[in-house]
Amino acid sequence: MIALFVAGTVWLCGLTLLATLGVGTRGRLGAGAGLLWADMWRRSSLVASICVGAVLLSGLWFTWMSWRSFPSSPPARGESGDAKAVSSGRLFGAEQPWPSP
(Lines give C-alpha, C1' and ligand atoms only; values in the text may rest on other atoms or scores of the structure.)
Protein backbone atom coordinates (compact mmCIF):
# COMPACT_ATOMS: atom_id res chain seq x y z
CA MET A 1 0.00 0.00 0.00
CA ILE A 2 2.83 2.37 0.80
CA ALA A 3 4.41 1.59 -2.59
CA LEU A 4 1.24 2.87 -4.25
CA PHE A 5 1.44 6.25 -2.52
CA VAL A 6 5.22 6.63 -2.82
CA ALA A 7 5.33 5.71 -6.52
CA GLY A 8 2.37 7.95 -7.30
CA THR A 9 3.93 10.85 -5.43
CA VAL A 10 7.31 10.45 -7.14
CA TRP A 11 5.63 10.28 -10.54
CA LEU A 12 3.47 13.37 -9.97
CA CYS A 13 6.35 15.36 -8.47
CA GLY A 14 8.52 14.45 -11.45
CA LEU A 15 5.88 15.68 -13.87
CA THR A 16 5.50 18.88 -11.87
CA LEU A 17 9.26 19.42 -11.81
CA LEU A 18 9.59 18.93 -15.56
CA ALA A 19 6.69 21.28 -16.26
CA THR A 20 8.09 23.93 -13.90
CA LEU A 21 11.55 23.71 -15.41
CA GLY A 22 10.13 23.82 -18.91
CA VAL A 23 8.06 26.93 -18.28
CA GLY A 24 10.70 28.65 -16.14
CA THR A 25 13.63 28.23 -18.52
CA ARG A 26 11.82 28.61 -21.83
CA GLY A 27 13.17 32.06 -22.62
CA ARG A 28 16.72 31.49 -21.34
CA LEU A 29 17.89 28.41 -23.24
CA GLY A 30 21.39 28.33 -24.66
CA ALA A 31 22.93 26.45 -27.55
CA GLY A 32 23.47 23.19 -25.61
CA ALA A 33 20.01 23.12 -24.06
CA GLY A 34 18.73 20.50 -26.48
CA LEU A 35 21.17 17.88 -25.22
CA LEU A 36 20.44 18.76 -21.60
CA TRP A 37 16.68 18.47 -22.12
CA ALA A 38 17.07 15.22 -24.04
CA ASP A 39 19.05 13.76 -21.14
CA MET A 40 16.51 15.00 -18.58
CA TRP A 41 13.59 13.50 -20.52
CA ARG A 42 15.43 10.19 -20.92
CA ARG A 43 16.14 9.93 -17.19
CA SER A 44 12.70 11.09 -16.11
CA SER A 45 10.99 8.69 -18.50
CA LEU A 46 12.85 5.77 -16.91
CA VAL A 47 11.78 6.86 -13.41
CA ALA A 48 8.21 7.50 -14.61
CA SER A 49 8.00 4.04 -16.20
CA ILE A 50 9.15 2.41 -12.97
CA CYS A 51 6.66 4.47 -10.93
CA VAL A 52 3.74 3.69 -13.25
CA GLY A 53 4.61 -0.02 -13.06
CA ALA A 54 4.77 0.15 -9.26
CA VAL A 55 1.41 1.97 -9.11
CA LEU A 56 -0.16 -0.61 -11.42
CA LEU A 57 1.18 -3.63 -9.56
CA SER A 58 0.49 -2.35 -6.06
CA GLY A 59 -2.96 -1.12 -7.12
CA LEU A 60 -3.84 -4.53 -8.55
CA TRP A 61 -2.58 -6.22 -5.39
CA PHE A 62 -4.53 -3.82 -3.18
CA THR A 63 -7.69 -4.39 -5.24
CA TRP A 64 -7.28 -8.16 -5.05
CA MET A 65 -6.77 -8.09 -1.28
CA SER A 66 -9.72 -5.72 -0.77
CA TRP A 67 -12.12 -7.78 -2.87
CA ARG A 68 -11.12 -10.95 -1.06
CA SER A 69 -11.98 -9.40 2.30
CA PHE A 70 -15.18 -7.66 1.19
CA PRO A 71 -18.48 -9.20 2.34
CA SER A 72 -20.23 -11.04 -0.48
CA SER A 73 -23.67 -9.57 0.18
CA PRO A 74 -25.15 -6.54 1.92
CA PRO A 75 -26.47 -7.02 5.46
CA ALA A 76 -30.08 -8.02 6.03
CA ARG A 77 -32.60 -5.32 6.90
CA GLY A 78 -32.00 -4.13 10.43
CA GLU A 79 -28.37 -5.28 10.58
CA SER A 80 -25.55 -2.79 10.50
CA GLY A 81 -23.12 -3.02 7.60
CA ASP A 82 -19.67 -2.57 9.07
CA ALA A 83 -17.36 -1.51 6.26
CA LYS A 84 -14.61 -0.92 8.81
CA ALA A 85 -14.34 -4.69 9.17
CA VAL A 86 -12.60 -4.92 5.78
CA SER A 87 -9.11 -3.58 5.16
CA SER A 88 -10.07 -0.81 2.74
CA GLY A 89 -12.88 0.34 5.02
CA ARG A 90 -10.48 0.70 7.93
CA LEU A 91 -7.95 2.50 5.77
CA PHE A 92 -10.35 5.04 4.30
CA GLY A 93 -12.68 5.29 7.29
CA ALA A 94 -15.72 4.08 5.37
CA GLU A 95 -18.99 3.81 7.19
CA GLN A 96 -21.04 1.65 4.87
CA PRO A 97 -20.13 0.19 1.45
CA TRP A 98 -23.70 0.03 0.10
CA PRO A 99 -26.62 2.48 0.25
CA SER A 100 -29.12 2.23 3.07
CA PRO A 101 -32.62 1.09 2.09
Side-chain angles (χ1 to χ4, degrees):
M1 185 66 195
I2 290 178
L4 182 69
F5 293 125
V6 169
T9 302
V10 168
W11 180 63
L12 288 175
C13 288
L15 287 177
T16 304
L17 178 68
L18 282 174
T20 303
L21 287 174
V23 170
T25 62
R26 199 161 91 186
R28 298 176 284 150
L29 297 177
L35 295 175
L36 176 67
W37 275 100
D39 189 44
M40 285 177 54
W41 277 107
R42 184 182 54 82
R43 290 180 187 201
S44 63
S45 65
L46 175 65
V47 172
S49 297
I50 292 169
C51 288
V52 167
V55 166
L56 180 68
L57 289 176
S58 60
L60 287 172
W61 179 82
F62 179 66
T63 302
W64 174 255
M65 296 306 289
S66 294
W67 279 352
R68 286 185 42 203
S69 64
F70 201 69
S72 60
S73 62
R77 187 176 278 279
E79 293 181 5
S80 66
D82 188 15
K84 290 184 179 180
V86 297
S87 61
S88 59
R90 285 191 304 272
L91 178 67
F92 297 117
E95 295 300 322
Q96 188 171 342
W98 39 80
S100 297

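Index from 1, following the sequence. Note: hydrogens, waters and symmetry copies are ignored here, and every other heavy atom, side chains too, is used.
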Tell me which donor-acceptor pairs under 3.5 Å the side chains of residues 7-23 have, and how far apart each pair is, sequence neighbours excluded?
{"from": "Thr9", "atom 1": "OG1", "to": "Phe5", "atom 2": "O", "distance (Å)": "2.7"}
{"from": "Thr16", "atom 1": "OG1", "to": "Leu12", "atom 2": "O", "distance (Å)": "2.8"}
{"from": "Thr20", "atom 1": "OG1", "to": "Thr16", "atom 2": "O", "distance (Å)": "2.8"}

- Item | Pairs touching residues 41-66 that satisfy salt bridge (Lys or Arg N to Asp or Glu O under 4.0 Å), sequence neighbours left out |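 Residue pairs with at least one partner in residues 41-66: Asp39-Arg42, Asp39-Arg43.
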- Message: Applying salt bridge (Lys or Arg N to Asp or Glu O under 4.0 Å) as the test, list every pair that has at least one member in residues 52-66; sequence neighbours left out.
- Response: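 Output for this query is empty, none listed.
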Report, one line per pair, each donor and acceptor closer than 3.5 Å where one atom sits in a side chain of residues 47-54; sequence neighbours left out.
{"from": "Ser49", "atom 1": "OG", "to": "Ser45", "atom 2": "O", "distance (Å)": "2.8"}

- Item | Leu60: hydrophobic cluster co-members (side-chain, 4.5 Å) |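 Leu60 clusters with Leu56.
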